[in-house]
Structures are given as C-alpha cells and as structure tokens.
Visitor: 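Starting off with a structure, shown below.
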2 protein chains.
Amino acid sequence: MIQSPFNCHFELTLELIGGKWKGLILWHLMEKKVLRNGEMLRLMPRITQKMLTQQLREMEENGLVSRIIYEQVPPKVEYRLTSHGESLRPILNQMIDWGVEYAQDKKIMIACTKQKD
Amino acid sequence: MIQSPFNCHFELTLELIGGKWKGLILWHLMEKKVLRNGEMLRLMPRITQKMLTQQLREMEENGLVSRIIYEQVPPKVEYRLTSHGESLRPILNQMIDWGVEYAQDKKIMIACTKQKD
DNA sequence: TAATGTACATACTAAAAGGTAACTATATAA
DNA sequence: TTATATAGTTACCTTTTAGTATGTACATTA
C-alpha cells in the first residue's frame, strides 16, 4: 500500500484530471479513440509541445493513457485511453453538462463550440 | 456576455471546484447543510483559516455557497450551498466513487475513512 | 482590568504549475 | 547537400497557488 497525501478520494480524482490541459486531451481521446502527437497539437492550437508531452506522460504514468511507439523514421507514436481513462467518460460528460448549464445561467461565453458524443 | 479564458466547459467546471480544499468543503456542506467557520476548521484540521476563508469567498463569488451574517458579538456566520452548489452533488459523488475504485486498483491508501451519503 | 470567543484580514514566503524559446535525432525526398 | 516530417527534450523564466505567522474588532464574562 502506498500512502497518499490526499484527504479524500475526491482529491485523488482531481489530481489525475486536474491539470491545465488534461480534460481537453481526454475529451479528444474519447472522441477520436487514437491520436498522434501532431494531431493533438492541431486539435488544440494553444497547447505547447512541452505541455502536451508533460500532461500525456503524467496520464500515462497514472494509467489513464497508453502510448504505442512504432519504430519508424519519421517517428510514429499513438495515444489512446486505457480502461481507467475510458471509465472517466461519465465524469467528463457530467462536468461538461454542468458547465454548460452554469455558463448559461451566468451568461459566460466559452470559446469551444464542440458537441459532446 | 462575459468572454472566458476557457477552451471548453470542462475547464469552467474544473475552475470552480478545483481549488485545493473546495472538494472537501463542498462535501462537508453537502453532509451538514449548514456550517459555521469554526465548525469547518474543526472538521478539516489541516486547513488554515486563510485558506478556508479564501476558498469560501471564491465559491461565494461563483454562486456555489451562500454566506449569512448575523449581527452579533461574538460574530456568527453561516455557510450553506446554493442551488448551483447543490447541483454539484452527483459530480462530487461520481468523482469519489471513481477515486475509490482507482485507489483500490492501484493500492493507494487515502487518509479519510468517511462514508458518503 | 484582562481574558474569552468568533470570524476574520494582511504581509510575507515557499512551492508548484505553466509558458517560451531553442535544441535533438534520423531516414527520406528534392 | 539541404530541407522535410515527426516527436520529442532542456534550460530558463513567470505566474499562480498554497502556507506561515501575526494582527484586528468588540461585547461579554471573570
């Protein structure tokens, strides 16, 4: 057993999905199933290469995302959700739905026009 | 309409519940319905007065928590969830449930022994 | 007169997270 | 020989977040 610094399980979950870009990355992976580094950069124009790699590595270490390297030149690397990552889908969807309602109520504009599902 | 810095509604939701102590505070408010400053300090021995006030003020500003001041000496102030705050309950519960399963799978120990509901 | 209880505020410091810019590797194509 | 495409890495800096320690207000009680 590993001792954790968390006061409750909520904090654990938050730690895993709480990075600046993790929600968006997970959301795209849920939509597209498989994505390469460059595709993600194109899908998220404001993310930097460093942040993308960093967040992906963390999620890989936490077992949310898998990384498959093809031994080619130029390199090819594929990312997809693990089953733990996939099991976050209902939470992501609920958080999006809640955000949509809240934004409507508070008259907040969000840049993204994407539809879920 | 207010323009926001968010890429998607997930980030909006995350911003509102993502502070270091917000989950725990919300969780206690969901359990107890009404809490005073001192009660919260006792329920969360590791939070500091500064962080408690700060997180409560943010949640108040975001319309998740209401603050009622009784004009007495010594002062009396009551906190409770607004309807927006209350509507976060299913998300909190799902995040806790997910964390419990994940922690079991990964053999991670969490300090809290509290039961939800 | 001094201590008590309650709910803060404020200045300062430390740590974590995020961002910028430049660099790396290598087979293939022009 | 030079440019291209892909998927990174690294050093450095800035911003944000969190934590520590101390101070404030004031009616009531001892």
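So you know, we letter chains A, B, ... as the sequences are listed, proteins then strands, and number each from 1.
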Visitor: Identify the two heavy atoms, one from A:M30 and one from A:L88, that lie closest to each other, and give their separation to 0.1 Å.
Guide: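 Nearest pair, atom of A:M30 first, then A:L88: CE-C, 3.9 Å.
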
Visitor: Taking heavy atoms of chain A and a 4.0 Å limit, find me the 5'-most and 3'-most nucleotide of DNA chain C within that range.
Guide: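 Using the under 4.0 Å cut-off, the span is C:dG18 to C:dA27.
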
Visitor: Might you list the N or O atoms of the protein lying below 3.5 Å from N or O atoms in nucleotides 14-20 of chain D, with each pair's distance?
Guide:
from: D:dA18; atom 1: OP1; to: B:K20; atom 2: N; distance (Å): 3.0
from: D:dG19; atom 1: OP1; to: B:K20; atom 2: NZ; distance (Å): 2.9
from: D:dG19; atom 1: OP2; to: B:W21; atom 2: NE1; distance (Å): 3.3
from: D:dG19; atom 1: N7; to: B:K50; atom 2: NZ; distance (Å): 2.7
from: D:dG19; atom 1: O6; to: B:K50; atom 2: NZ; distance (Å): 2.3

Visitor: Just grab all the ring-ring contact (aromatic ring centres under 6.0 Å, His included) pairs involving residues 72-102 of chain A, residues at least two apart or on different chains.
Guide: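 Listed by first then second residue: A:H84-B:Y102, A:W98-A:Y102, A:Y102-B:H84.
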
Visitor: So, taking the atom named CG in A:L24 and the one named CG in A:L92, what distance separates them when rounded to the nearest 0.5 Å?
Guide: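 Separation between the atoms: 10.0 Å.
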
Visitor: If you look only at distance, which donor and acceptor atoms sit under 3.5 Å apart when one is on a side chain in residues 69-76 of chain A and the other is two or more places apart or in another chain?
Guide:
from: A:Y70; atom 1: OH; to: A:E78; atom 2: OE1; distance (Å): 3.1

Visitor: Measuring from atom CH2 of A:W21 to atom CE of A:M44, what distance do you get when rounded to the nearest 0.5 angstrom?
Guide: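 Going from CH2 on A:W21 over to CE on A:M44, the span is 8.0 Å.
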
Visitor: Measure across A:L12 and B:A103 and return the closest heavy-atom pair with its distance rounded to 0.1 Å.
Guide: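 Heavy atoms of A:L12 and B:A103 come nearest at CD2-CB, 3.8 Å.
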
Visitor: Taking N or O atoms only and anything under 3.5 Å, show me the protein contacts with nucleotides 3-7 of chain D, one pair per line.
Guide:
from: D:dT6; atom 1: O3'; to: A:R36; atom 2: NH2; distance (Å): 3.1
from: D:dT6; atom 1: O3'; to: A:P75; atom 2: O; distance (Å): 2.9
from: D:dA7; atom 1: OP1; to: A:R36; atom 2: NE; distance (Å): 2.8
from: D:dA7; atom 1: OP1; to: A:R36; atom 2: NH2; distance (Å): 2.9
from: D:dA7; atom 1: OP2; to: A:G38; atom 2: N; distance (Å): 3.1

Visitor: Not counting sequence neighbours, list each pair that qualifies as a salt bridge (charged side-chain N to carboxylate O under 4.0 Å, His left out) and has a residue in residues 53-66 of chain B.
Guide: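 Every pair satisfying salt bridge (charged side-chain N to carboxylate O under 4.0 Å, His left out) with a residue in residues 53-66 of chain B: B:K22-B:E58.
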
Visitor: Is atom NZ of A:K32 surrounded by more than 12 heavy atoms (other residues, nucleotides or ligands) closer than 6.0 Å?
Guide: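 No, the 6.0 Å shell around NZ holds no more than 12 heavy atoms from other groups.
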
Visitor: Above 12 or not: heavy atoms from other molecules or residues under 6.0 Å from CD of A:E101?
Guide: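 Not more than 12 within 6.0 Å, no.
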
Visitor: Measure from the side-chain N and O atoms of A:E39 to the backbone N and O of A:L35, and report whether any donor-acceptor pair falls under 3.5 Å.
Guide: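 It does not hold such a pair.
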
